[in-house]
Amino acid sequence: MLSPIHDPPTAELRVGHHPAVSGRLLGAGGPRTESGVGYRVAGGYVEGVEGAELLEAIAQAGLRGRGGAAFPTAVKLRAVAERPGPRYLVANAGEGEPASVKDRFLVRHRPHLVIDGLARAARAIGARCAYVYVCDREGAASLRAALLDPVVPPGVLIEVVEGPVGYVAGEETAVVRALDGGPAKPTLKPPRPFEVGVDGRPTAVVNVETLANVPLIATCGADWFREVGTDASPGSFLLTLSGAVREPGLYELPLGTPLADAVELAGGGNGEPTAVLMGGFFGGLLRPEALGLALAHDELRAAGSALGCAAVVVLGENECPVAVATEVMSYLALENAKQCGPCIRGTETLRDLLHSTMIGAATEETLARFERVMPMMTGRGVCATPDAAVALVASLLRNFGALVRRHLGRPCARCAAAEEHLARPARRLTLDPPTEGNSGHARRH
Ligand SMILES: Cc1cc2nc3c(=O)[nH]c(=O)nc-3n(C[C@H](O)[C@H](O)[C@H](O)COP(=O)(O)O)c2cc1C
Ligand code: SF4
């Protein structure tokens, strides 16, 4: 049996796009690294709207952050632009979610699109210095090579900074802390980075996919951007789809595409789906009917879920949602930044409760303990990791309550087969055969 966290596909993932978006973000060349000249010939680095006009175009386009929270990008950029300088802009390619590959794809294969977006947004907010924070060695090398290309216009000083691989390392205050030379661990908010960021200065931390949309908006306009997507979630987005689908991979789709259509694009399902792990861990475990949901922020929120960073794992007939929840919780208990009591103790307790459910040792008292522990964690961390842990368990209990009850005092065969995963360290989905990750503090070059 495969596990979504411990056995991600290691072969090259498929890269494809919905016909309606013709590879806005993925480019036409598939998983080949674009050249500076190629990017320029395709319409990159050309003049577009600048400054306040660009910020207005981003607002009109309705661009929302692709890093997880779907925050309106124009609001974030303006909040920094309105503060006294110096100001900074950071492209966040931390990509801590193990089931996501989109940001790594962009920094490795579309470095010029990323650099163009970063430079345009930096100019628009009056930042002379900008950073790409990246936790992928190959992506960092690709960006550095691209920055040396003479096609890159001068004006904004861009530095590539490598951070450690880890679930919390891409959280925005962890990114700021790492750029300042500290550990990549979150700090208390407020102040938020737009108030006090890198070097204590106003800093916009923006996901790398979000910024990749900026050159498209600057040169093609807000109306063109809105030609795909929904009114409240305009544009296209990158979906990392894995699990029980025939062709796991990275797909560019209009926002609002039903998950079932995305699965079709990925060659169809592999057997009967039993659940969907939605959006990274924040979106929770959903029943298979979730395949009918539109992949758009408001629709998923209304369904009690979230698109998050758009990493979706379809669970197959051999996978039990209880075992998958246990695995994810083991990962969070291991990967949290060990700074906050409720997060450290809470994730460990939820892991133990889930594990006892998985092995058939749980009782009614176990269910009651879930209900007691979760409120003690909600909103109690420096970052949202405890909230992610609670969202996951709450979704399991809400959507698979009868299944969880069937585990009381009774071992489950699918869970027993998954037990072996828990003893092994988690791996991330890879675009290529695994490369050695780095760890520790951020490294500047
Ligand atoms: C635990 C945790 C981990 C996160 N990891 C990432 C990450 O790896 N990459 C990312 O872009 N955002 C991550 N975020 C969200 C960032 O804090 C921030 O909201 C985001 O980079 C802003 O970009 P956006 O507005 O373009 O979405 C994480 C948030 C949390 C709570
Ligand atoms: S809430 Fe958890 S992951 Fe976040 S800073 Fe605290 S200990 Fe670390």
Side-chain angles (χ1 to χ4, degrees), residues 58 63-77 79-80 89-104 106-107 114 117-118 121 131-136 139 163-179 182-189 192-194 197 203-214 235 237-238 240 279-282 297 306-311 329 331-348 350 377-392 428:
I58 293 171
L63 179 63
R64 294 167 75 169
R66 308 294 198 239
F71 191 77
T73 305
V75 173
K76 183 185 289 191
L77 293 175
V80 173
L89 176 62
V90 180
N92 187 358
E95 195 157 63
E97 289 274 357
S100 178
V101 297
K102 70 187 180 82
D103 297 336
R104 268 172 292 164
L106 288 173
V107 290
V114 169
L118 182 60
Y131 300 94
V132 189
Y133 176 79
V134 53
C135 301
D136 175 59
V165 176
Y167 183 67
V168 297
E171 194 273 345
E172 59 182 2
T173 58
V175 171
V176 166
R177 203 170 169 190
L179 289 172
K185 294 183 173 198
T187 55
L188 205 57
K189 291 183 284 248
R192 291 187 167 271
F194 82 89
T203 302
V205 180
V206 183
N207 174 262
V208 82
E209 181 191 342
T210 314
L211 286 170
N213 284 286
V214 169
F237 75 109
L238 297 179
T240 314
F281 305 148
F282 282 88
H297 304 297
L307 187 57
C309 66
M329 199 57 66
Y331 176 77
L332 293 179
L334 203 69
E335 281 279 317
N336 73 71
K338 310 284 183 289
Q339 297 191 124
C340 318
C343 179
I344 301 169
R345 285 193 299 279
T347 50
E348 284 174 357
L350 291 180
M377 296 172 69
T378 306
R380 297 287 306 283
V382 161
C383 79
T385 298
D387 301 286
V390 168
L392 181 84
R428 300 204 302 164

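Worth knowing before you read on, the calculation uses all heavy atoms, side chains too, and leaves out hydrogens, waters and symmetry mates. Everything numeric here is computed off the predicted structure, so don't read it as measured data. As the structure lists them, so they are numbered: ligands from 1, and atoms in each ligand from 1.
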Novice: So which heavy atom on Gln339 is nearest to which on Arg177, and how close?
Specialist: OE1-NH1, 3.1 Å
Novice: Could you check Asp103, Thr73, Asn92 and say which one makes a side chain to side chain donor-acceptor pair (under 3.5 Å) with Asn207?
Specialist: Asp103
Novice: Taking atom 4 (Fe) of ligand 2 as the center, what protein N, O or S atoms are found at less than 2.8 Å?
Specialist: Cys383 SG
Novice: Do Thr173 and Cys383 come close enough that some side-chain heavy atom pair is under 4.5 Å?
Specialist: no
Novice: If you look at every heavy atom in His297 and Leu307, which pair is closest and at what distance?
Specialist: CE1-CD2, 3.7 Å
Novice: For Asn213, which residues count as a side-chain hydrogen bond (donor to acceptor under 3.5 Å, both in side chains) partner, sequence neighbours excluded?
Specialist: none
Novice: Can any side-chain N or O of Glu97 pair as donor or acceptor with the backbone N or O of Ala99 at less than 3.5 Å?
Specialist: no
Novice: Under the side-chain hydrogen bond (donor to acceptor under 3.5 Å, both in side chains) rule, collect the residues that match up with Arg192, sequence neighbours excluded.
Specialist: Glu172
Novice: Does the side chain of Val206 reach to within under 4.5 Å of the side chain of Lys76, using non-hydrogen atoms?
Specialist: yes
Novice: Short question: side chain of Glu209, backbone of Phe237 - any donor-acceptor pair under 3.5 Å?
Specialist: no
Novice: May I ask you to list the atoms of ligand 2 that are less than 4.0 angstrom from any heavy atom of Lys338?
Specialist: 7 (S), 8 (Fe)
Novice: Would you tabulate the polar-atom pairs, meaning N/O of ligand 1 against N/O of the protein, with distances under 3.5 Å, reported to 0.1 Å?
Specialist:
| from | atom 1 | to | atom 2 | distance (Å) |
| --- | --- | --- | --- | --- |
| ligand 1 | 8 (O) | Glu95 | N | 2.9 |
| ligand 1 | 8 (O) | Gly96 | N | 2.9 |
| ligand 1 | 11 (O) | Asn92 | ND2 | 3.3 |
| ligand 1 | 11 (O) | Asn207 | ND2 | 2.8 |
| ligand 1 | 12 (N) | Asn92 | ND2 | 3.4 |
| ligand 1 | 17 (O) | Glu172 | N | 2.9 |
| ligand 1 | 21 (O) | Asn92 | ND2 | 3.0 |
| ligand 1 | 23 (O) | Asn207 | N | 3.0 |
| ligand 1 | 25 (O) | Lys76 | NZ | 2.7 |
| ligand 1 | 26 (O) | Asn207 | N | 2.9 |
| ligand 1 | 26 (O) | Thr210 | OG1 | 2.7 |
| ligand 1 | 27 (O) | Arg66 | N | 3.4 |
| ligand 1 | 27 (O) | Gly67 | N | 2.8 |

Novice: Counting distance only, does the side-chain N/O of Tyr167 pair as donor-acceptor with the main-chain N or O of Leu334 below 3.5 Å?
Specialist: no
